[in-house]
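Down below is the structure, laid out as C-alpha cells.
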4 protein chains.
Amino acid sequence: MTYAEILANAKVNLGGKCRVCPVCDGRACAGEVPGMGGKGTGNSFKANIESLSSFKLNMRLLHDAKTPDTTIELFGRKMSLPVFAAPVSGTTLNMGGKFTEAEYISWIIDGTLAAGTFPMVGDTAIPSFLTDNLAALKKAGGNGIVVIKPWANESIVEKIRLAEEAGAFAVGIDIDAAGLVTLSLHGKSVGPKTPAEISELRKATRLPLILKGIMTAADARVAFDCGVDAVVVSNHGGRVLDETPGVADVLSEIADQFKGKLVILADGGIRSGVDVLKMVALGADAVLYGRPLVTASFGGQTEGVKLFFDRIAAELKSAMILTGCGTIRDVSQNVIY
Amino acid sequence: MTYAEILANAKVNLGGKCRVCPVCDGRACAGEVPGMGGKGTGNSFKANIESLSSFKLNMRLLHDAKTPDTTIELFGRKMSLPVFAAPVSGTTLNMGGKFTEAEYISWIIDGTLAAGTFPMVGDTAIPSFLTDNLAALKKAGGNGIVVIKPWANESIVEKIRLAEEAGAFAVGIDIDAAGLVTLSLHGKSVGPKTPAEISELRKATRLPLILKGIMTAADARVAFDCGVDAVVVSNHGGRVLDETPGVADVLSEIADQFKGKLVILADGGIRSGVDVLKMVALGADAVLYGRPLVTASFGGQTEGVKLFFDRIAAELKSAMILTGCGTIRDVSQNVIY
Amino acid sequence: MTYAEILANAKVNLGGKCRVCPVCDGRACAGEVPGMGGKGTGNSFKANIESLSSFKLNMRLLHDAKTPDTTIELFGRKMSLPVFAAPVSGTTLNMGGKFTEAEYISWIIDGTLAAGTFPMVGDTAIPSFLTDNLAALKKAGGNGIVVIKPWANESIVEKIRLAEEAGAFAVGIDIDAAGLVTLSLHGKSVGPKTPAEISELRKATRLPLILKGIMTAADARVAFDCGVDAVVVSNHGGRVLDETPGVADVLSEIADQFKGKLVILADGGIRSGVDVLKMVALGADAVLYGRPLVTASFGGQTEGVKLFFDRIAAELKSAMILTGCGTIRDVSQNVIY
Amino acid sequence: MTYAEILANAKVNLGGKCRVCPVCDGRACAGEVPGMGGKGTGNSFKANIESLSSFKLNMRLLHDAKTPDTTIELFGRKMSLPVFAAPVSGTTLNMGGKFTEAEYISWIIDGTLAAGTFPMVGDTAIPSFLTDNLAALKKAGGNGIVVIKPWANESIVEKIRLAEEAGAFAVGIDIDAAGLVTLSLHGKSVGPKTPAEISELRKATRLPLILKGIMTAADARVAFDCGVDAVVVSNHGGRVLDETPGVADVLSEIADQFKGKLVILADGGIRSGVDVLKMVALGADAVLYGRPLVTASFGGQTEGVKLFFDRIAAELKSAMILTGCGTIRDVSQNVIY
C-alpha cells in the first residue's frame, strides 16, 4: 500500500466529511463542526498551518550529523519519534460513520505502537466510547495515554480510575473541550477548571497528569503551580474558539518560561516531519498528530497508521540531516531562520 | 426555523442585492452603492472585516468564569447583550424592495426587543420613512434610539422632537452619512458639522446625544468637548468614503483617550459573538449589528432577528468562557493576543 | 452617456488590447508591452496600485469644510482640479489601432480642456505623431504641455521649438522612456541623461521644464540642481523597468526633500478622486491620469474624457468633505491614517 | 525561432513534467520530486521567487551609464554575463525522458558557450551520466565546471580526476543533494560533509573548489575556513528541504561577511535579467540559471539556450541603464529600494 493509495481510500471512506485536500489547511472544511473543520470562520485551524509555515529553517550541510537519532524518552517511555497520536474521537459525528469507534481506535493504537511510539485515546459525549477505547488500549498492554473531557471533577476521577485499570502510563484532561459544540449537542456539561479543581485532580492519581488546551503562558503558570506534569499547547485543532493564534505562534513564549519544568507537547497543524522539527525547535518536547491519522486510518487501517509514522520518521530524519541535528536534543531555536 | 433556513430565505428575498455569501466580507458586492456593498473598491468595507480578523484571542481555560454574565447597562437601560441593532434603512433602494420599510423595521424592532436588547432606527432621504419608523418604535414602547441624518440643524431639531415624542431614550446623528450617494441621488443636502453646530444640537434635547461616524481621536475630542454623550466608531459600513482603515484598527486609540468619558460604540464588520468580544476588548462599550440583521430579517422576519441575537448571545457566552471573562467588564485588552 | 456605457464601448473599441477590468490593476495585462500592460511580471504596474492602496484615510466629519475648493494654480495656469491628462501615445501599437493618433489626441485635448484642466501630449517613435499632436494642441490654443522622448539633445531641442510654436506652456522629457521596448522596436535611440545634458536642455528654453520618470530623491536632487522646474514621480506605468516600487511608495521621500522647491507631480495607478487626494496628501502638487483616459476616450471620445474628469472632480470633492479639507492646500499628511 | 515558440515546444516536449507556466513559481508543480517541483509543500521553491520579488529597484535616469558593460571575470575566465548554466541533470527521471541526457547536456553546453558564458555540468545516481557529461564538456574544450554529488570522499576524488581530465576549470560539490529523494531512490549514499572531509577534498585538487548548497553564514564560515574558493547560495531549487527561506533572503548576510573572501554565486528563482541585477546587488558575484534552461533546451536545443541567454543579456543591460550601473561592479546595494 502506498501513501497515495491510502489517501485515495480515505477520500472514499470519509464520504465527504473530510475532502482529503492536497494540503490539509482548514479552508475547504471551514466551519464544519461537527465534521473535520475549524469553528466559525475556521481561522483558528488555518492559523495553526500559517503560523508553522511562517517559520523557516536554516539548511546546513557542513557538519557530522550524518545519521541522526530521532528517539526520545518521555513519561519513562522510550519513543522512536517525538510524536504521539492525538486523542481524536467521534467517527459517527465527525468522520461520516463508515467505521465504528472501536475499529478506528484499534487501528490508531496498533499502528502507532507498531511505529514505536504511543497513542493518546480520547473521551466523548457517549460514555461507552471511552470504555471501548480503554478496552482496546488494555488489549495493547496499556501502552498509551488517556485523555478525559473536562466533566465535573467527580466524573473525571472515575474515568481516571478506569484509565489506571487499563494500564495507561499517563492521563490528561483536554480542558479546551469546554467549548466543544459536539458535546453540548449531547447536553453534556463541561467547563473550565479553577486552580483548586486542578489541584484536586492532581492529588487524585499518581500517574503523570497532562493538561491539553494551554494557549498562554498564564495558563501554563497555573498548571505548573498546581503540580501538573505536562501541558499540550493546543487550540483543539481550531474547533472550540474561533480566532485564536496558531499553536506555533504561542509555543515559544510558553517554552521560554516552562521548558524543563513542564513537559511541553504541541498539537495543531503538524503535517510533515519538517513540521515536527519546527515544533521541537520552538520548544516542544514532542508533538501530537490528529487529522492526518484520521486520513491514514480511514485509508489504510493499522497499516496506514504505521506507514504514516514511517513517512514522518523518514522526513524528520532527513530534516535533521539537512539542519545538522544529531539528536532531538540538538534541535534548538538555532534551526529556525 | 434554523439559521441556515433563514439564510436560504434571505438569499431569495434579497433578489441578488445581497448574495448572502458564506463570509460577509464585502468582496462580492464591492462598489454596490446603492445596494449592500462598500463604496468604490469596497476596501473600507473589507477593512472592517480584515482589521477585526487581525486581532487574535488568548484562549484560557484555567479560571472560574464558568457561567458568564453578558448583560450591560447603557443609557440607563439594562441590555441582555452589549449589542444594538444598527440604524439601517432603504429597503427599496438597497435591499431589492421585496418588503416595505415598515415591515422591515417592525421585524428589526420586535426581534431586537425580544432578544432583550435595543434597536436604533434610521432616517432616509424619504421623510415618510422616519415617521413610519417612529410609529413602529412608539408602538414598541419607544424602546430604542433614533439616528437622524446630518441635515441642516433646524431640520435635525424637528426630527429630534419627533423622536422624543416617540419615546426614544437617546438620539443620534450619523454624520458619516454626509458622504452618502444614496442621499445625493434624492437631491438632499447633508454635510459635516462644525463644533458650533454640534453644541447647538447638544442644547436642543435632554436625551443622550450620540454621534455616529467617528473614525479619529481628533473627532472624538470635538464630540467630547461639545458635550456629546456617546460616539459610534463607524465608517458607515464602508459606504461613504473609500479607503478608510477598519473600525477595529482605530477603536483602540479612541478608547485609550475617551473610555469612561464617552460611551464608545463600535460598528463595522462584526459578524459573530467572537467579534463582539474583540470589539469590547478593544475598548467598545457595545457594538452595532447592521448587514447581518438585514439578512436575518429578510430571511426570518421577527423570529429571524431574535434567533440571530440568540446565536450571538450563545457565541459571546462561549467566547467569554474560553477567554476567562465572567462579566463584560472583565473583557479587557488582556483578551487580545 | 453614462460611465458604464463608456466602459462597455471601450471594451469593444480596444479589441482586447485592454480588457477594461473592473479594477485596472495590471494583472490581466501583465507583460503586455506593446499593449497596455506592465513590463515582465507586471509587478511595477501592480506596485502602483498596491502602494496607493496601502495608505488609508482619516475620515473626519466635525469641521467646517462643507464646500471644498478643488482648484489649484500651476505653471501660471488656473486648473479646476490638481489633475493632468498624462502623455500617452501609440494607438496603433498599444491600443489596437481602431482610432488614429490624431482622433485620439483630439478627444484627450478637448475633453481635458472642457473639464477645466490641461493635457500633456506625448511623443513617439513615429515623428509625424508629435507634429499631429502639436497641430491638435495648437488648434486648442496651445493649452497644454508637450512631453518629448529622451532623444539626443539636439533632437529634443528641435522638438522643444515645435512645442513653443504650438504655444505649449511647459515642456517635459519623459526620461523613463529610455527603457521603452516600443521605441527600440523602431530602432530609435533614447537613453539616460547626464546632469550636463539636462543643464543644456534647461538653457534651451524659457518654458518651464519638467522631467518625467523620477523615482528617487537622488534623481530629484540632480533635477533640482540643474534648474529643472518640475518632476513627475513616475515609473512610466510600470512599462520600462520591472520590479520598481510603486509611485506612492517613493513619493513621500521626494516630497519631504523638494516640496516647494520643485513642482512635484505623481503618475501611476491613480484611479479615483480618493487616489488624487492620497497623492496630494503624500506630497504631490498634482497628478497625471494615463490608462483611465485611454478607456474614457476610446469609449466616449471627447465627451467620455470630460465625463471621466467630472466623475473624478465629484469624487475628490466628496473625499475632501469626508476628510475635512477645504482647499487642496489643506490636503496634508494628516489626511493619511 | 522566437522565445514564445521555444516555450510552446518545451511544453510539448516536457510532456507535462513541467507545465511551462507563464510565471515559473513552483505552484503548479509543488511536491513533484521526481519531476520539476519543490519538495513537500513546494514552499522552498516558492520562497526563492517570493524573496527575490520582495526586493524592489531604484529606477534612475539622470546619469552617464548609457552603454553598460555586462562582462565579468571569474575563475580566470572572462564571461559575457555574470551568469552560469546550473548543473541540472536527470532528463528521464525529472523531465519526461523525451531527450537523452547526452542530447540535453550538449545543448546546454553549446548554447551557453555560444552566449559567451559557461556551463556547470552535473552528476547523478547513474554513473554513466557523469561520464557522458564530461565527454561532451571535453568536446567543448573543457570550458565549464563539474559539480559532483556528495558521495564518500574517495568517490568524489575519483570524479574530480575525471573532471580534471576533461579540462574543467573548476569543480564543485552540491552538498545540498544530501537530501535528494531522487538519489535515495537509486539506493545511493550521499550525506553532509564534516569540516575535515571538506579540507581533504580541498587538498585533492588544484582546481578552484566550489560548495553548492550554502544557506547560512555559519556554513559559509566553515567553507572559508576549509580553504574553499566559492560557495553557491542555493537550496537546490527547493528540492531537498521543505520550508527553507529563499536564496535572496539569506544572500545579503552571507555576502556581508564573505564578499571578496569567497566567490559568491546565487542559485534559485532567477528568471529575468532584472533578477540577475537584484542578486548581484544583494552580493552575488554571479548567478546560476536552472529550470529556465530546461525549458529553453527542451524547446529550442542549442539555439534555444543561446537565445535565452541573449534575452537575459538584453534585459540585464536595460536594467543596468535604468538603475544607472555602468559595470557589474557598480551594481551595489544602492540599487535596491
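- Under 3.5 Å, the side chains of C:R60 and C:N334 contain no donor-acceptor pair of N or O atoms.
- Between the side chain of C:N235 and the backbone N or O of C:G238 there is at least one donor-acceptor pair closer than 3.5 Å.
- With no hydrogens or angles considered, a side-chain donor-acceptor pair links C:D242 and C:T41 at under 3.5 Å.
- For B:D123 (side chain) and B:I148 (main-chain N/O), no donor-acceptor pair under 3.5 Å exists by modelled atom type.
- Options C:R271, C:M59, C:K278, C:E315 differ in how many heavy-atom pairs under 4.5 Å they form with chain B, and the most are formed by C:M59.
- At a heavy-atom cut-off of under 4.5 Å, chain C is reached by B:L211, B:G213, B:I214, B:M215, B:T216, B:A218 from residues 206-218 of chain B, listed in order of number.
- With a 4.5 angstrom heavy-atom cutoff, B:I175 touches chain C via backbone and side-chain atoms both.
- In terms of modelled atom types and a separation under 3.5 Å, the side chain of B:S44 and the main chain of B:L241 share a donor-acceptor contact.
- C:V274 touches chain B through its side chain: at least one heavy atom from C-beta onward sits under 4.5 Å away, while N, CA, C and O do not.
- With respect to B:E32 and B:R19, a salt bridge is recorded, a charged nitrogen being found less than 4.0 Å from a carboxylate O.
- With respect to the salt-bridge test (charged N to carboxylate O, under 4.0 angstrom), the residues B:K46 and B:D25 do not qualify.
- Of all the listed residues (C:S53, C:G324, C:P22), the one sharing the greatest number of non-hydrogen pairs under 4.5 Å with chain B is C:S53.
- Side chain to side chain, B:E197 and B:N153 fail the donor-acceptor criterion of an N or O pair below 3.5 Å.
- Residues B:F55 and B:A248 come closest through the heavy atom pair CE1-O, 3.6 Å.
- Across every non-hydrogen atom of C:L81 and C:T117, the tightest pair is O-OG1, 4.0 Å.
- Only the side chain of C:S318 comes within less than 4.5 Å of a heavy atom in chain B; its backbone stays farther off.
- At a heavy-atom separation below 4.5 angstrom, chain C is approached by B:V250 within residues 250-270 of chain B.
- Across C:Y289 and C:G273, no two heavy atoms sit closer than the pair OH-N, 4.1 Å.
- Cation-pi contact between B:R27 and B:F45: absent, since separation from the ring centre below 6.0 Å together with deviation from the ring axis within 45° is not met.
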